[in-house]
Amino acid sequence: MSQENNDLIQKTKKKPVLKLLAFIGICCLLQFFIVSLIGVIRGYTTETVLSDVIFVVGLFFILPYYPRQKRPIICIYFISFMIGSASLLSLCHGNYAEKGGIYYEQCQYKEALQFFKKETQTWYLRLRYNHHERNAIEMMAKTYCQLEDFDNARNTYKLIIDRYRGHYADQAEKDLLRLNNGLKIVANYPEQIPETKGVPVALYNIARTYQYDLNCHTKSLEVYRKIIDMDIPDEWKELAIAEIKGIRRN
């Protein structure tokens, strides 16, 4: 009788602890559910294991509240939910970047920029961007160039360098260097354009700089058309026409 009373007392003492652990566990599970739901609606994820770790910790906190025979079923249920949520999130990734890419290919750069920006908006303990968002930031820089907004393009490349390491930062440094060198080449266009014996060498270099270094097709097309309208040898005009066709094809 005394032993039964002791067991009852121990169980009674444990109840508040179990309730507290269950409450903490429910909060941990709810944060994962909310993060996943917003991520699906918004189309991105935090790309960090933090939310998953909190979920698993919450599961361990809530398990003692259930009878032992039900615990395996509870584990299977919640883990299945976590895997299903991750799968659903993966299907939603990159929606804005994809739409931005379509607008970019159609040369609707202002619309493309808006969608690339949406892909890079962040929230809730974001530690780093996922690869869709990293690509969107890079495309933002290229789109700024197409819009002749080279200052914002430069700042975007600097953002990539500051935020990332490895390949993305190295590539952004190369792009930034190319951008700065290109801007020096076209700095005096169209005011001072020297010609070499009637051959538009300088103009042709400026057109190629806009096309390849500054990624500004509007300006490169403008310069190529000037070359075509000049009284120059046909081979130079043919070169300009070929470049224009290449730009339109891409």
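Because the structure is predicted, anything quoted here is derived from the model rather than measured.
- For Arg225, there are no side chain to side chain donor-acceptor pair (under 3.5 Å) partners at least two apart in sequence or on another chain.
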Audit row: Lys226, Asp229, salt bridge (Lys or Arg N to Asp or Glu O under 4.0 Å) steps and yes/no: CA-CA 5 Å; Lys226 282 187 178 183; Asp229 292 338; over 6 Å; no

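- Partners of Tyr224 by side chain to side chain donor-acceptor pair (under 3.5 Å), not counting sequence neighbours, listed by chain and number: Gln211.
- Between Asn181 and Asp213, the closest side-chain pair of non-hydrogen atoms is not below 4.5 Å.
- Between Leu147 and Leu113, the shortest heavy-atom distance links the atoms CD1-CD2, 4.0 Å.
- Minimum interatomic distance between Ala141 and Ala153 (heavy atoms only, all atoms of both residues): O-CB, 3.6 Å.
- Under a 4.5 Å side-chain heavy-atom criterion applied to ILVMFWY residues, the cluster that includes Leu177 comprises that residue alone.
- The salt bridge (charged side-chain N to carboxylate O under 4.0 Å, His left out) test applied to Glu238 returns no partner, not counting sequence neighbours.
- Note that OG of Ser220 is 3.5 Å distant from CD1 of Ile247, once rounded to the nearest 0.5 Å.
- In this structure, Ala97 and Ala136 approach most closely via the heavy-atom pair CB-CB, 4.4 Å.
- Partners of Asn152 according to the side chain to side chain donor-acceptor pair (under 3.5 Å) rule, which considers only residues two or more places apart in sequence or in another chain, are Asp149.
- A pairwise comparison of heavy atoms in Ile160 and Tyr168 identifies CG2-O, 3.7 Å as the closest pair.
- Between Arg178 and Asp175 a salt bridge is recorded (basic side-chain N to carboxylate O distance below 4.0 Å).
- For Phe116, the ring-ring contact (aromatic ring centres under 6.0 Å, His included) test picks out no residue, with sequence neighbours left out.
- Of all heavy-atom pairs spanning Lys237 and Ile228, the tightest one is CE-O, 3.1 Å.
- A continuous path of Ile, Leu, Val, Met, Phe, Trp and Tyr side chains, each step under 4.5 Å between heavy atoms, connects Ile232 with Leu221, placing both in one hydrophobic cluster.
- Environment of OH in Tyr204: crowded, with over 12 heavy atoms of neighbouring residues, nucleotides or ligands closer than 6.0 Å.
- At a threshold of 4.5 Å between non-hydrogen side-chain atoms, the residues Gln114 and Lys110 do not count as touching.
- For Phe150, there are no ring-ring contact (aromatic ring centres under 6.0 Å, His included) partners two or more places apart in sequence or in a different chain.
- Between the side chain of Gln146 and the backbone N or O of His217 there is at least one donor-acceptor pair closer than 3.5 Å.
- The distance from the CE atom of Met139 to the SG atom of Cys145 is 10.5 Å, given to the nearest 0.5 Å.
- Remark: Tyr109 engages Tyr104 in a ring-ring contact (aromatic ring centres under 6.0 Å, His included) (not counting sequence neighbours).
- Separation of atoms CG (Leu30) and CD1 (Ile54) is listed at 12.0 Å; rounding is to 0.5 Å.
- Membership of an apolar cluster is not assigned to Ile73, as no side-chain contact below 4.5 Å to another ILVMFWY residue is traced.
- Residues Val201 and Met230 share a single hydrophobic cluster, defined by chaining ILVMFWY side chains whose heavy atoms lie under 4.5 Å apart.
- With sequence neighbours excluded, no residue forms a salt bridge (charged side-chain N to carboxylate O under 4.0 Å, His left out) with Lys99.
- Partners of Arg208 under the side chain to side chain donor-acceptor pair (under 3.5 Å) rule, at least two apart in sequence or in another chain, are Glu243.
- Between the side chain of Glu119 and the backbone N or O of Tyr96 there is at least one donor-acceptor pair closer than 3.5 Å.
- With sequence neighbours left out, Asp162 forms a salt bridge (charged side-chain N to carboxylate O under 4.0 Å, His left out) with no residue at all.
- Looking only at side-chain heavy atoms (C-beta outward), Thr209 and Tyr189 stay at 4.5 Å or farther from each other.
- Within the 4.5 Å cutoff, no side-chain heavy atoms of Met140 are placed close to those of Leu159.
- Heavy atoms only, all atoms of each residue included: Ile206 and Ile185 are closest at CG1-O, 4.3 Å.
- Between atom CD of residue Gln108 and atom CZ of residue Phe115 there is a gap of 10.5 Å, rounded to the nearest 0.5 Å.
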Residue pair Lys174, Tyr157: steps toward the side chain to side chain contact (heavy atoms under 4.5 Å, CB included) verdict: CA-CA 9 Å; Lys174 292 178 183 177; Tyr157 283 129; over 6 Å; no

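- No more than 12 heavy-atom neighbours from other residues, nucleotides or ligands sit within 6.0 angstrom of CZ on Phe60.
- Cluster membership for Leu59 and Ile26, using ILVMFWY side-chain heavy atoms within less than 4.5 angstrom, is shared.
- Contact annotation: the side chain of Val186 never approaches that of Lys219 to less than 4.5 Å [non-hydrogen atoms, C-beta and beyond].
- Linking ILVMFWY side-chain heavy atoms closer than 4.5 Å, directly or via other members, places Tyr144 and Ile137 in two distinct hydrophobic clusters.
- Taken to the nearest 0.5 Å, the CG atom of Leu183 stands 5.0 Å off from the CG atom of Leu214.
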